[in-house]
Protein chains: 2
Amino acid sequence: MARMRDAGVTPTMQRLAILEFLEGTKSHPTADKVYVEVRKTCPTIARATVYNTLEALTKAGTILQLTVDPSAARYDADLGPHVHFRCRLCGEVYDIDVKQENCLGDLVKGHRVEAVRTYAFGVCASCRKKGRDDA
Amino acid sequence: MARMRDAGVTPTMQRLAILEFLEGTKSHPTADKVYVEVRKTCPTIARATVYNTLEALTKAGTILQLTVDPSAARYDADLGPHVHFRCRLCGEVYDIDVKQENCLGDLVKGHRVEAVRTYAFGVCASCRKKGRDDA
DNA sequence: TTTCGTGCAAAGCATTTGCAAGTAG
DNA sequence: CTACTTGCAAATGCTTTGCACGAAA
């Protein structure tokens, strides 16, 4: 809550519910998943509010918006350096710990680099076990 | 064309037009942009054909599907290791050359890693010059 | 003939927007 | 009072699907 205030985002019940849900999960949920889950503790919340909040928190740097899934944005409250791995069979997203994320300079070709995000793709351990190794 | 055949994608006029357009641009076009542009040389092509082709070529490994833009998939025929930078102000996507892309092992935590993609975000040189540096 | 690719239109989702009502400063 | 937030519904936009036709194996 202090974090939200510091980030310039007015804390409201709805926004706190969203942030707390995100911090309590490692599942990198989509906006719609957040909506469905938060609705359990805050039944009147509107879809638009969820989208607004996720955008506000993303811009404020409080959470990360992942573009690892082409079909829908996913969100992550874990700001530490890590890589996101997406299974091309089941679609699940996993964390992979790394010492440090790929570091470019702060300034490359005149562009100011503010963030670097690394995504990995392949077949996850679970799908491999299921024999769906598929190549 | 040989490349398409090798990849198991039957070459057709429409598919060749799409691949040639992609290879002749560095603009990382969206599917819709591809549709509009290819339509100039192949006026009867349907949107669905463009989407089908882009998906087929992506799966075949002939082109890359980028998820650097949350609002729409972008495509790139340049398979060499490079990072994609997206300006948060104008939305433009630029290439950044790197010696090698972030290398994870082939197998991490039981997941088989088939591809690694790195995206950078910030403000591009052009927007910075326009004084829209904005922070 | 069986399969695959194409073109067209309609449908499906994720996301955004407009607007009225409520709330905080 | 003024600005911001919420909730609802409708719209927008990217992408996919269903179907019929035509070309290729």
Side-chain angles (χ1 to χ4, degrees), chain A residues 1 4-5 7-19 21 27-60 62-76 86 88 91 93, chain B residues 1 4-5 7-21 27-60 62-75 86 88 91 93:
Chain A
M1 181 156 153
M4 267 177 81
R5 224 180 273 285
V9 180
T10 313
T12 67
M13 285 228 301
Q14 289 86 345
R15 290 174 177 177
L16 284 171
I18 290 171
L19 185 52
F21 166 66
S27 70
H28 315 91
T30 62
D32 195 71
K33 176 83 173 169
V34 172
Y35 170 68
V36 170
E37 291 301 319
V38 168
R39 209 144 225 284
K40 290 177 183 168
T41 65
C42 183
T44 70
I45 200 169
R47 215 177 220 95
T49 301
V50 174
Y51 279 92
N52 286 340
T53 300
L54 292 173
E55 186 192 350
L57 292 176
T58 299
K59 279 193 181 163
T62 307
I63 63 174
L64 301 181
Q65 182 187 56
L66 308 183
T67 57
V68 70
D69 183 345
S71 69
R74 288 166 175 272
Y75 295 87
D76 189 353
R86 179 161 192 268
R88 70 170 155 85
V93 176
Chain B
M1 178 153 155
M4 268 178 78
R5 222 182 273 283
V9 180
T10 314
T12 67
M13 283 232 298
Q14 289 85 344
R15 291 175 175 178
L16 285 172
I18 290 170
L19 186 53
E20 278 171 13
F21 166 65
S27 69
H28 315 92
T30 63
D32 195 71
K33 176 81 174 169
V34 172
Y35 170 68
V36 170
E37 290 300 318
V38 169
R39 208 144 228 284
K40 290 177 183 169
T41 65
C42 186
T44 71
I45 200 170
R47 213 175 222 96
T49 301
V50 174
Y51 279 93
N52 286 340
T53 300
L54 292 174
E55 186 191 350
L57 292 176
T58 299
K59 279 194 181 161
T62 308
I63 62 175
L64 303 180
Q65 183 187 56
L66 309 183
T67 57
V68 70
D69 183 346
S71 69
R74 288 167 175 271
Y75 296 87
R86 178 161 191 266
R88 70 170 154 85
V93 176

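Below, chains carry the letters A, B, ... as their sequence lines are ordered, and counting in each starts from 1. Computation of the quantities below employed the complete heavy-atom set of this structure, encompassing side-chain atoms and omitting hydrogens, waters and symmetry-equivalent molecules. Not measured: the values here are computed from a predicted model.
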Quick one: does B/T67's side chain have a donor or acceptor within less than 3.5 Å of a partner on A/T67's backbone? yes
May I have the distance from B/L54 (atom CG) to C/dT6 (atom P), rounded to whole angstrom? 12 Å
Out of D/dT6, C/dT6, D/dG7, which nucleotide sits closest to the side chain of B/Q14? C/dT6
Can you tell me how far C1' of D/dA24 sits from CZ of B/R5, to the nearest Å? 12 Å
Rounded at 0.5 Å granularity, tell me how far OG1 in A/T12 sits from CD1 in A/I45. 7.5 Å
Among the nucleotides C/dC8, D/dT6, C/dG5, whichever has the atom closest to the side chain of B/T12 is C/dG5
Are any of B/T44's side-chain N or O atoms less than 4.0 Å away from OP1 or OP2 of C/dG7? yes
Rounded to the nearest Å, what distance is computed from the CZ atom of residue A/R39 to the C1' atom of nucleotide D/dC8? 10 Å
Non-hydrogen atoms of B/D69 and B/R74 that approach each other most closely: OD2-NE, 3.0 Å
Could you check how far CZ of B/R15 sits from P of D/dA23, rounded to whole Å? 16 Å
Nearest heavy-atom neighbours spanning A/V50 and A/A31: CG1-O, 3.8 Å
Please produce a list of atom pairs where a protein N or O lies less than 3.5 Å from an N or O of nucleotides 12-19 of chain C.
from	atom 1	to	atom 2	distance (Å)
C/dT15	OP1	A/A73	N	2.9
C/dT15	OP2	A/Y51	OH	2.8

Taking side chain as C-beta onward, heavy atoms only, is A/Q65 less than 4.5 Å from A/L54? no
Round to a whole Å and report the spacing from NZ of B/K59 to C1' of D/dT16. 12 Å
Nearest to side-chain heavy atoms of A/T49, which nucleotide of D/dT6, C/dT6, C/dC8: D/dT6
Donor-acceptor contact present, side-chain A/R47 to main-chain A/Y35, <3.5 Å: no
